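Because the structure is predicted, anything quoted here is derived from the model rather than measured. The sequence lines fix the lettering, A, B, ..., with proteins before strands; numbering per chain opens at 1.
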Amino acid sequence: MDVIFNQLFVGLSIASILLLVALGLTFTFGQMNVINMAHGEFIMAGAYTTYVLQTAFGTGLLTLSFGLALPAAFLVAGTLGLILEFLVIRRLYGRPLDTLLVTWGVGLMLQQLARDIFGAQNVSVSAPGVLNGGMEIAGVSLSYSRLFIIAIVALVVVVIASYMKRTPAGRRMRAVMQNRSLASVSGVRTRRVDRTTFFIGSGLAGVAGVGISLLGAVGPTIGLNYIIDAFLVVIVGGLGQLRGAILAAIALGMANSFIEYGTTASVAKAGVFLLIVLFLQWRPQGLVVQARRGLAS
Amino acid sequence: MSTMAKLLPTGTPRPSAFLVRFVIMAATLLLVAPWLLSDFRLSLLAKFLCFAIIAVGIGLAYGQGGMLVLGQGLFFGIGGYAMGMHLKIVDAGEGQLPDILTYSGKYDSLPALWKPFSSAWFAIPMAILLPMAIAALLGAAIFRQRIRGPYFAILSQALAAAFVVVLVGNNALTGGTNGLTNFQSFFGLSVTSPSDQRTLYFIVVVVLLIVFLLTRELVLGRYGRVLIATRDDEDRVRFLGYDPARVKLFAYVMAAGMAGLAGALFVPVVGIISPALLGIVPSIEMVIWVALGGRTVLAWAAAGAVIVNWAKTSVSEQFPSGWLYLQGLLFVVVILYLPKGIAGAVEHIRAYIGRLPPTGGLRILMSSGDRPPKQAAKPNPTEEAA
């Protein structure tokens, strides 16, 4: 029984990280059909923001610097996203495969930039005292930093969901996602909505970076570890679907955790990939599908 | 009218002009390069030409077929490991364990995975057939469900990533992150001797030229036309009675086989195969060679592999950190401003000069994979729903 609880918690923890990383992608990919491979580097920017704030404030004010890091990382990564959108991506709408290659190139430059600024060595972010240690429930030890990440994800999901549901800007965003031309002829300025979406999506990557900085060392290539898995979450969940992304992240996290138990991490990785390919045989468009007419591609 | 003129063959595709260019290129590679270059540079060139074999495959699947194959490192790696295992076993000698297997102390005799690779008759075909089989399985599963575009790209990439994790995870069997290295001989040739490295170079050149010619035949033939049509409008091809899944699958499988073949040649030429050569990063780089050279023209795709890697070597020799900036910038500039790569630039220059005749048979293939906005002037009703 303990084993099951333990694996459940591990799975939930993996799921929370996957979701945090994939949330931003599901909007940029879903709404704009842009495959932003530099998303991983925005995560890195968020993680380094935490590090910079910590070094600036010193060890005495860990909790404060960490609290500040969340909005700061959102802004830093979001701004990077805006710049990327302005300089590159807006020239490439309708060419999704090309956005993939271009943003990968941008990612390479950002990695090298991080290497030149912070050094090739990994740096470490120390968790604030509140997050050290953990608690034990039903024989399972839950570390506070993992619980904290789950809490961030829950918060982000609630904020995003209410933003999309309740605010006019969120409604415009959904409108563009569902039918760009119709939104456009109804007076929605789709280009401006795109920019906002890209800002939010990239900013979420920054928030993810803050969470990930709690889990291990921060290095220039930290984003690479997450980007592919995040895209898999988006594919399994369905494009631009918050609900789909949540379900997919939980499913992949749990699959990973339970396959890994009793086998190895590498078997789990291959097994999850196999499951995804099989799943796509059943639902090629992902878990949650937007109803569409015609030969939507 | 102009689109029709582009689609239909206008007269004969001038084989003579192609033949002249091909002979010049072959002569340069076979005669001039070995005479001009030092041993070290020549074996570097051999390495780049192995990459060019992969690039021809990517040119077929991505340039002509429109499938963004981001996981070619996987197939390259399988080819490399198949050959590597065979060479390791031969180096160790009869009844002896290859050094890589002794480190863990787990094995007394050859493990089941290694055993069949002691025969060259198994190892060499497998270096090509195994990648093709894997591509066929993955491709069939994906294309049948009409999963395309970016989805396919990400899935093919995830497979390469998973393969690397498996390789590193089973380090007792595969050498882990170090991979297989320290090879001594390759079918009687000494891998370390300069003169035998020259022989290897000639083998690579000949294989590349054959692969290129065969692929070119394929692209210029009936199949190539259907493949390009599938790239440009998959639904229309389906309505005409073809099965786009099968058309795409064939190109993907061929590309996988070429990458496997390149891996098998790479091992004796370079003397190492390791996970770092075939993960996500190298796999995307492979596509960039092709994009930079010119994705729609096979010869330029192959040339792209050599040009990018040559630039990488010379720039990193001078400024180690400069290359990464330059590489990133190349990606951006080429895709944004030169969607047809160097081939497109050359074509522009030709048109500008105006005196030179346009290139021969491959010219009709010069419409780009992801149509640039200029050509997509005609609104496509099916795309509006997307």
Side-chain angles (χ1 to χ4, degrees), chain A residues 29 33 35 37 87-88 91-113 115-116 179-181 221 224 227-229 231-232 234-235 264-274 276-278 280-286 292-297, chain B residues 62 66-68 70 137-138 141-142 144-151 153-155 157-163 165-170 234-235 279-281 284 287-288 291 321-325 327-336 339 369-373 376 381-386:
Chain A
F29 194 9
N33 222 352
I35 307 174
M37 293 300 269
L87 287 182
V88 177
R91 296 167 203 269
L92 285 172
Y93 284 127
R95 292 162 68 188
L97 294 184
D98 286 351
T99 60
L100 192 158
L101 295 175
V102 166
T103 50
W104 175 260
V106 172
L108 282 183
M109 288 193 273
L110 288 176
Q111 279 174 26
Q112 188 56 36
L113 193 67
R115 227 171 259 133
D116 287 347
N179 194 326
R180 176 174 294 270
S181 341
T221 55
L224 275 182
I227 186 83
I228 299 294
D229 289 337
F231 272 114
L232 290 178
V234 175
I235 288 179
T264 59
S266 62
V267 174
K269 194 99 179 174
V272 167
F273 178 76
L274 204 65
I276 292 173
V277 173
L278 289 177
L280 289 174
Q281 297 302 299
W282 173 53
R283 287 190 84 99
Q285 305 285 323
R292 282 193 168 131
R293 284 157 203 264
L295 283 164
S297 55
Chain B
Y62 173 47
M67 291 166 275
L68 183 48
L70 285 185
L137 281 178
L138 180 73
I142 292 179
R144 293 250 160 254
Q145 292 301 323
R146 303 185 189 177
I147 298 167
R148 42 186 135 161
Y151 289 80
I154 306 263
L155 285 172
Q157 189 172 42
L159 186 61
F163 180 61
V165 174
V166 171
L167 276 181
V168 175
N170 297 295
E234 193 171 325
D235 292 320
I280 305 170
V281 181
I284 298 188
V287 175
I288 288 304
S321 89
W323 169 248
L324 278 152
Y325 285 120
Q327 192 187 22
L329 202 65
L330 268 182
F331 276 38
V332 177
V333 170
V334 167
I335 304 277
L336 277 183
D370 266 328
R371 270 173 276 171
T382 59
E383 277 171 10
E384 293 201 333

Inset, instruction - Decide yes or no for B:Leu137 and A:Val277: does some side-chain heavy atom of the first lie under 4.5 Å from some side-chain heavy atom of the second? - result: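 Counting from C-beta outward, B:Leu137 and A:Val277 never come under 4.5 Å.
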Inset, instruction - State, yes or no, whether a side-chain contact exists between A:Leu280 and B:Ile142 at a heavy-atom distance under 4.5 Å. - result: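 The answer is no, as the side chains (C-beta and beyond) never meet within the 4.5 Å cut-off.
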Legend entry - Minimum heavy-atom distance B:Pro339-A:Arg95, with the two atoms named: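 It is CB-NH2, 3.7 Å.
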Inset, instruction - For A:Met109 and B:Leu324, work out which heavy atoms get closest and say how close. - result: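 The pair with the smallest heavy-atom distance is CG-O, 4.4 Å.
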Out of curiosity, [X] [atom1] to [Y] [atom2], how far, rounded to the nearest 0.5 Å?
{"X": "A:Asp229", "Y": "B:Ile154", "atom1": "CG", "atom2": "CD1", "answer": "11.0 Å"}
{"X": "B:Tyr151", "Y": "A:Gln285", "atom1": "OH", "atom2": "CD", "answer": "6.0 Å"}
{"X": "A:Ile235", "Y": "B:Ile147", "atom1": "CD1", "atom2": "CD1", "answer": "8.0 Å"}
{"X": "B:Ile284", "Y": "A:Met37", "atom1": "CD1", "atom2": "CE", "answer": "4.0 Å"}

Please flag which part of [X] lies under 4.5 Å from any non-hydrogen atom of chain B: side chain, backbone, both or neither.
{"X": "A:Leu113", "answer": "both"}
{"X": "A:Val106", "answer": "both"}
{"X": "A:Asp116", "answer": "side chain"}
{"X": "A:Leu101", "answer": "both"}

Inset, instruction - Show your reasoning for whether side-chain contact (heavy atoms from CB on, under 4.5 Å) applies to B:Leu70 and A:Leu100. - result: CA-CA 10 Å; B:Leu70 285 185; A:Leu100 192 158; 3.6 Å; yes
Legend entry - For A:Thr221, side chain to side chain donor-acceptor pair (under 3.5 Å) partners two or more places apart: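 Residues passing side chain to side chain donor-acceptor pair (under 3.5 Å) with A:Thr221: none at all.
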So which part of [X] gets closer than 4.5 Å to some heavy atom of chain A, the side chain, the backbone, both or neither?
{"X": "B:Val281", "answer": "both"}
{"X": "B:Ala153", "answer": "side chain"}
{"X": "B:Leu155", "answer": "both"}
{"X": "B:Leu167", "answer": "neither"}

What option among [options] has the most heavy-atom pairs under 4.5 Å with chain A?
{"options": "B:Leu330, B:Val168, B:Val332", "value": "B:Val332"}
{"options": "B:Pro150, B:Gly169, B:Ala162", "value": "B:Pro150"}
{"options": "B:Leu138, B:Leu159, B:Val287, B:Ile288", "value": "B:Leu159"}
{"options": "B:Ile280, B:Asn170, B:Leu68", "value": "B:Leu68"}

Legend entry - Pick from A:Phe231, A:Trp104, A:Phe29 with the largest number of heavy-atom pairs that fall under 4.5 Å of chain B: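 So the answer, after comparing A:Phe231, A:Trp104, A:Phe29, is A:Trp104.
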Inset, instruction - Please confirm whether the backbone N or O of B:Gln145 pairs with a side-chain atom of A:Gln281, one donor and one acceptor, at under 3.5 Å? - result: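 Side chain of A:Gln281 to backbone of B:Gln145: no pair is present.
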Legend entry - Chi angles and distances behind the side-chain contact (heavy atoms from CB on, under 4.5 Å) call for A:Lys269, B:Val166: CA-CA 8 Å; A:Lys269 194 99 179 174; B:Val166 171; 5.9 Å; no
